[in-house]
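This report refers to the structure that appears directly beneath it.
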Amino acid sequence: MNVAEPSDIAVKPRPPSPGLGLGAPRPGEEPDLQLVANLGYRARWRHAVWDLSESFRLSELFRALGWLDIKIKYRGSVLGPFWLTISTGVLVATLGVLYGELFHLKLHDFLPFIALSLVLWNFISMLIGDACLAFTQAESTIRSVRMPYFVFVGQNVYRNLIILAHNLVVIVVVFALFRIVPGWKALAALPALALWLVDSYALTILLGAFCARFRDVPQIVASILQIAFYVTPIIWKPSLLPVRQRWILPIDPFYSLFEIVRGPLLGTLPSHIVWASALGYSAALCAIAWLGFVRVRARIAFWI
Amino acid sequence: MSRIEVENVCVDFPLYHGNARSLKKSFMSAAAGRLGQDTQKRIVVQALRDIDFHLSPGDRLGLVGSNGAGKTTLLRTLAGIYEPVRGRVRVRGTLNALLDPQLGMKPDLTGRENILLRGLYYGLTRRQIRALEDDVQNFAELGQFMDLPVRIYSSGMVIRLGFGLATAIHPQVLLMDEWFLAGDANFMAKARGRIETMVRGAEILVLSSHQMETVALWCNKVIWMDQGRIRAAGEPFAVLEQYTGKPVVMTAPEDARPQLIVAPVTAKLPTS
């Protein structure tokens with residue numbers, strides 16, 4: 001039983017959450033920690049569920065971690081994360097005007113398109129790049145306390161959402177300049193953004209674990225991302241493709257995921273095929289990520 | 001009631017990466033003959049082999065053994081950081097593991113921010129976190145440094161911060177690595193009361209140390225670890241004598257010895 005210490009910080013842990021748990025110490029009749037080797041699949045599944053739900057209980061912690069990451073990165077800088085906003089803004093303006101000129105596109109059409117695309121791409125590529133380091137960078141924490149791995153996933157997703165929020169300024173400015181008011185169709189982007197959130201979690205847990213085990217993966221991921229950036233209609237409009245060949249676009253998961261957010265905001269609802277492709281790829285991603293995590297969760301501490 | 005049950009636990013370290021070489025090297029010297037292969041023919045270090053013991057409230061277990069014998073790995077396994085490849089670990093009771101001075105502190109964050117993170121980890125409210133801050137600040141005497149990155153602290157300040165933070169949370173099961181007892185004389189004089197309060201409050205203590213006298217003073221059970229196995233276990237003086245090859249000499253005066261063993265001894269330990 002805890003004895004009152006001189007300074008008496010009565011550290012009373014929260015009431016126990018159901019589960020196997022021991023993210024934080026807490027009293028209870030059940031063992032706070034039970035580790036059994038060679039678990040069956042169902043037990044591993046339960047551990048993985050515990051990991052996920054425990055991370056939400058610690059949501060304040062991962063939000064603080066994500067926020068402090070940004071604070072560290074921009075400590076001492078005058079503009080802080082707004083440097084990213086500025087660099088995105090300059091890139092949008094340059095590319096927009098240059099490509100508009102080269103491909104004879106109307107700026108009124110092209111600039112909002114490329115602003116939206118580049119901001120979204122920034123989010124995806126940074127999220128994926130960071131995901132590769134999600135666990136390896138948390139090495140000292142993982143080795144010193146038992147912490148749900150999803151805390152680091154939440155930290156990665158939350159940090160990148162903050163950066164995305166800073167970059168949104170670029171979109172708002174471009175839309176205001178061209179007096180574009182997204183209509184009611186823009187609401188269709190909301191479920192799409194929810195899907196992005198789920199996918200971000202899945203990508204981080206999958207790449208975080210995979211990159212911890214195989215140290216070559218981050219390089220492979222980086223080059224895949226670079227190719228995807230040029231192959232996917234991000235800085236070029238899908239309408240540049242002849243109509244006959246546009247059926248090929250939804251095969252690219254990046255295209256479908258972009259289109260379900262970008263389309264509604266620019267006033268066109270994505271087709272069923274695009275949605276089906278986005279949902280299909282997302283379901284596959286989540287399934288692989290979850291099953292993989294269930295399988296390797298206990299091993300990650302040995303890999304980092 | 002807190003409890004620790006460890007049954008036939010084995011822990012293997014796979015050696016995967018090129019950069020695992022440093023780990024490999026550090027293990028090699030101590031672990032000669034302990035490299036094996038697992039079922040998939042990967043090279044693994046057999047860090048723990050057939051570890052088996054039970055602890056009940058009142059038990060103070062000392063772990064002794066040379067570097068690389070598996071003491072820290074055992075503590076990490078009890079803390080739930082490493083999961084065993086064979087066997088079973090059950091821990092009942094709130095747990096605090098003091099494994100390294102940094103304890104996952106982030107060097108780029110300020111002292112205050114590190115305290116905040118620890119508080120959030122333990123699920124404290126904002127008010128409790130402020131109390132934690134005051135307590136740690138008073139103990140660590142950081143003053144203005146509280147709002148400066150830990151990176152620029154002197155090593156003494158880092159130790160004081162880590163120590164103050166670690167000892168502010170009082171668990172039922174306390175796992176302690178030896179760094180905790182190693183500090184300069186001034187610091188130890190100050191820290192002694194704080195450690196002893198925490199140890200007295202804990203129902204179970206597992207302490208890994210190279211200081212035989214500390215182990216003899218603090219513990220009622222000792223396990224001698226050798227190459228990842230339990231070489232001997234039992235009463236402190238007997239096991240320590242076996243380990244060091246000579247009787248343990250107590251230099252501390254009788255009245256300066258801490259009274260740390262509070263509950264009746266009910267440990268069940270395998271005897272060698």
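Hydrogens, waters and symmetry mates are skipped; everything else that's a heavy atom, side chains included, is used. Residue numbers start from 1 in every chain, and the chains themselves are labelled A, B, ... in the order their sequence lines are given, proteins ahead of strands.
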Working note: B:Ile51 + B:Arg229, criterion side-chain contact (heavy atoms from CB on, under 4.5 Å); need CA distance, chi angles, decisive distance, verdict. CA-CA 6 Å; B:Ile51 304 295; B:Arg229 292 173 187 275; 5.5 Å; no
Side chain / backbone / both / neither for A:Arg63 at chain B, heavy atoms under 4.5 Å: neither
Chain A contact via B:Val173 - which portion, at a heavy-atom distance below 4.5 Å: neither
Check whether B:Phe163 forms a cation-pi arrangement with B:Arg160 (NZ or CZ under 6.0 Å from the six-membered ring centre, at most 45° off the ring normal). no
Residue B:Leu75 versus chain A: region with a heavy atom under 4.5 Å: neither
Which atoms of A:Arg75 are under 4.5 Å from chain B, going by heavy atoms: the side chain, the backbone, both sets, or neither? side chain
Short side-chain to backbone donor-acceptor contact, A:Thr88 and A:Val119, under 3.5 Å: no
Could you tell me whether B:Arg194 and B:Asp135 have a side-chain N and a carboxylate O separated by less than 4.0 Å? yes
Verify the distance criterion only: is there a donor paired with an acceptor across the side chains of B:Arg92 and B:Ser2 at less than 3.5 Å? no
Measure B:Thr110 against the heavy atoms of chain A and call it side chain, backbone, both or neither at under 4.5 Å. both
Can you say whether A:Ile300 sits under 4.5 Å from chain B via the side chain, the backbone, both, or neither, judging by heavy atoms? neither
